Amino acid sequence: HAKKNKQAYQVYDPQFDQHAVERLFLTNSLKQAIEQDELTLFYQPKLRLSDMTISHVEALVRWQHPEKGLIPPDAFISIAEKTGQMDALTRWVTNAAVSQYVSWQKMGFDINIAINISAANIMDKSYPDYVISLKEQHQLSDNAITLEVTEEAVVEDAQKATEILCYLREHGFKLSIDDYGTGYSSLAQLKHLPVHELKIDRSFVQHLSTDESDKIIVRSTLELAHNMGLSVVAEGIEDETALLWLKAQGCQLAQGYFISKPLPADVFEQWIENTPY
Ligand code: C2E
Ligand code: CA
Ligand code: CA
Ligand code: CA
């Protein structure tokens with residue numbers, strides 16, 4: 001009843017309308033954007049806290065729109081998911097990231113790459129077979145590519161996800177659970193997943209230096225993950241206090257604006273050359 005009433009009396013909201021138009025616009029042009037290479041990747045390093053060397057670089061997609069400028073992924077990933085374009089999008093990202101990896105290797109940078117994948121990409125073997133064939137085609141070594149999949153995506157259909165993740169692991173991919181702590185999964189659900197790494201969501205990391213309850217959550221996550229033999233990445237580190245605290249707690253890997261923002265490939269190359277890492 002309440003729902004019906006609410007709808008009946010809903011007042012005209014120009015703000016909502018604007019969003020709807022925007023979404024329709026983006027939905028129609030996303031397909032074209034993927035086909036016409038309007039997407040671009042930014043790169044953000046993950047450092048080993050033990051010696052501050054680079055462990056991986058995460059590829060993060062942006063849409064370089066001819067009129068609207070740089071559109072962040074949060075504005076179009078969910079549209080891609082809802083309109084069945086996630087396979088095409090992730091293939092584009094994977095292909096671009098692997099090409100970048102190969103050209104960095106030729107330049108003498110041996111940095112492994114991390115790619116974000118979605119729930120739709122682990123529902124069947126279509127995407128896994130694509131990334132396996134790319135790996136073989138470029139003769140990439142095992143562990144050259146980490147696939148980051150959100151906790152939420154894995155919990156959606158845990159049995160299917162486990163099967164596909166095992167398949168990817170057998171083919172030499174490193175697997176990471178992204179946004180850990182936001183998907184309300186239980187330890188029992190995660191225990192059977194064939195993953196190597198947990199990424200603690202940035203909402204628990206951003207305010208670590210001042211928030212006592214975040215410290216408790218992060219400390220217990222580290223203990224749990226280490227007992228399960230997983231390495232842990234803390235993402236969203238914005239200050240040195242948080243970084244040093246995480247290091248003292250035995251967290252292995254670190255990522256965040258304090259180290260570097262995500263950067264275009266050429267700026268990232270300069271960053272590597274100008275930092276002691
Ligand atoms: P994510 O995978 O959790 O990536 C981390 C996000 O946090 C990135 O936002 C990054 O710019 C941001 N970030 C990194 N360090 C800090 C920090 O210290 N402080 C704060 N406040 N933020 C930080 P971005 O690039 O806008 O990406 C947002 C999300 O979009 C990603 O979250 C990921 O879920 C999704 N995404 C990005 N690229 C791809 C992609 O190629 N494929 C898929 N499926 N999803 C992607
Ligand atoms: Ca990620
Ligand atoms: Ca994350
Ligand atoms: Ca996220």
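Remember, it's 1-based here, ligands and their atoms both numbered in the order they're listed. Since the model is a prediction, treat every value here as computed from it, not as a measurement.
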### Task
Identify, by name, the N, O or S atom of Asp178 lying closest to the Ca ion (ligand 3).
OD1
### Message
Any atom of ligand 1 sitting under 4.0 Å from a heavy atom of Gln44?
### Response
yes
### Query
Do you know which two heavy atoms are closest between Pro262 and Leu60, and how far apart they sit?
CG-CD1, 3.7 Å
### Message
How close do Ala225 and Val232 get, counting heavy atoms only, and between which atoms?
### Response
CB-CG2, 3.4 Å
### Message
If the cut-off is 4.0 Å to any non-hydrogen atom of Met86, which atoms of ligand 1 fall inside it?
### Response
44 (N)
### Query
At under 4.0 Å between heavy atoms, which part of Gln255 makes contact with ligand 1: side chain, backbone, both or neither?
neither
### Polar side-chain atom of Glu235 near backbone of Arg202 as donor-acceptor pair, under 3.5 Å
yes
### Query
If you count the atoms of ligand 1 from 1 in the order shown, which ones are under 4.0 Å from a heavy atom of Ile237?
18 (O)
### Query
What about the rings of Tyr101 and Trp104, do their centers lie closer together than 6.0 Å?
no
### Query
Does a donor on one side chain sit under 3.5 Å from an acceptor on the other, for Thr83 and Gln85?
yes
### Query
Quick one: angle Glu58 OE2 - the Ca ion (ligand 2) - Glu148 OE1, to the nearest 10°?
90°
### Task
Could you list the atoms of ligand 1 found under 4.0 angstrom from a heavy atom of Ile77?
43 (C), 45 (N), 46 (C)
### Message
Hydrogens and angles aside, do Gln159 and His192 bring a side-chain donor and acceptor to less than 3.5 Å of each other?
### Response
no
### Task
Could you tell me how the ring of Tyr127 sits relative to the ring of Tyr130: parallel (under 30°), tilted (30 to 60°) or perpendicular (over 60°)?
tilted
### Message
Quick check: Thr90 and ligand 1, any N/O pair under 3.5 Å apart?
### Response
no
## Note on the structure
Contact region, Val93 to ligand 1, non-hydrogen atoms below 4.0 Å, reads side chain
#### Entry: Subset of ligand 1 atoms that lie under 4.0 Å from at least one heavy atom of Glu58
2 (O), 4 (O)
### Query
Is the distance from the Ca ion (ligand 3) to some N, O or S atom of Asp201 under 3.0 Å?
no
### Message
For N/O/S atoms only: which one belongs to Asp179 and is nearest the Ca ion (ligand 3)?
### Response
OD1
#### Entry: Heavy-atom closest contact (Thr275 atom, Trp271 atom, distance)
OG1-O, 2.7 Å
### Query
Is Asn116 close enough to the Ca ion (ligand 2) to have an N, O or S atom under 3.0 Å?
yes
### Query
Does the His138 side chain pair with the main chain of Leu134, one donor and one acceptor, at a distance under 3.5 Å?
no
### Query
Of the non-hydrogen atoms in Ile259 and Pro45, which two are nearest, and what is the gap between them?
CG2-CG, 4.4 Å
### Interfacing atoms of ligand 1 (cut-off 4.0 Å, heavy-atom, Pro262)
11 (O)
### Task
For Leu175 and Val195, work out which heavy atoms get closest and say how close.
O-CB, 3.7 Å
### Query
Considering Val61, Thr94, Asp201, which one's heavy-atom position lies nearest to atom 39 (C) of ligand 1?
Val61
#### Entry: For ligand 1, the portion of Lys199 having any non-hydrogen atom under 4.0 Å away
neither
### Task
May I ask you to check if ligand 1 and Glu148 share an N or O to N or O distance below 3.5 Å?
no
### Query
Which of the listed options, Pro73, Ser118, Pro72, Ala96, holds the heavy atom that is closest to atom 26 (O) of ligand 1?
Pro73
#### Entry: Contact partition for Arg202 relative to ligand 1, non-hydrogen atoms under 4.0 Å
side chain
### Query
Between the side chains of Ser118 and Glu81, does any donor sit under 3.5 Å from an acceptor?
yes
### Message
Within the 4.0 Å heavy-atom shell around Asp179, which atoms of ligand 1 are there?
### Response
3 (O)
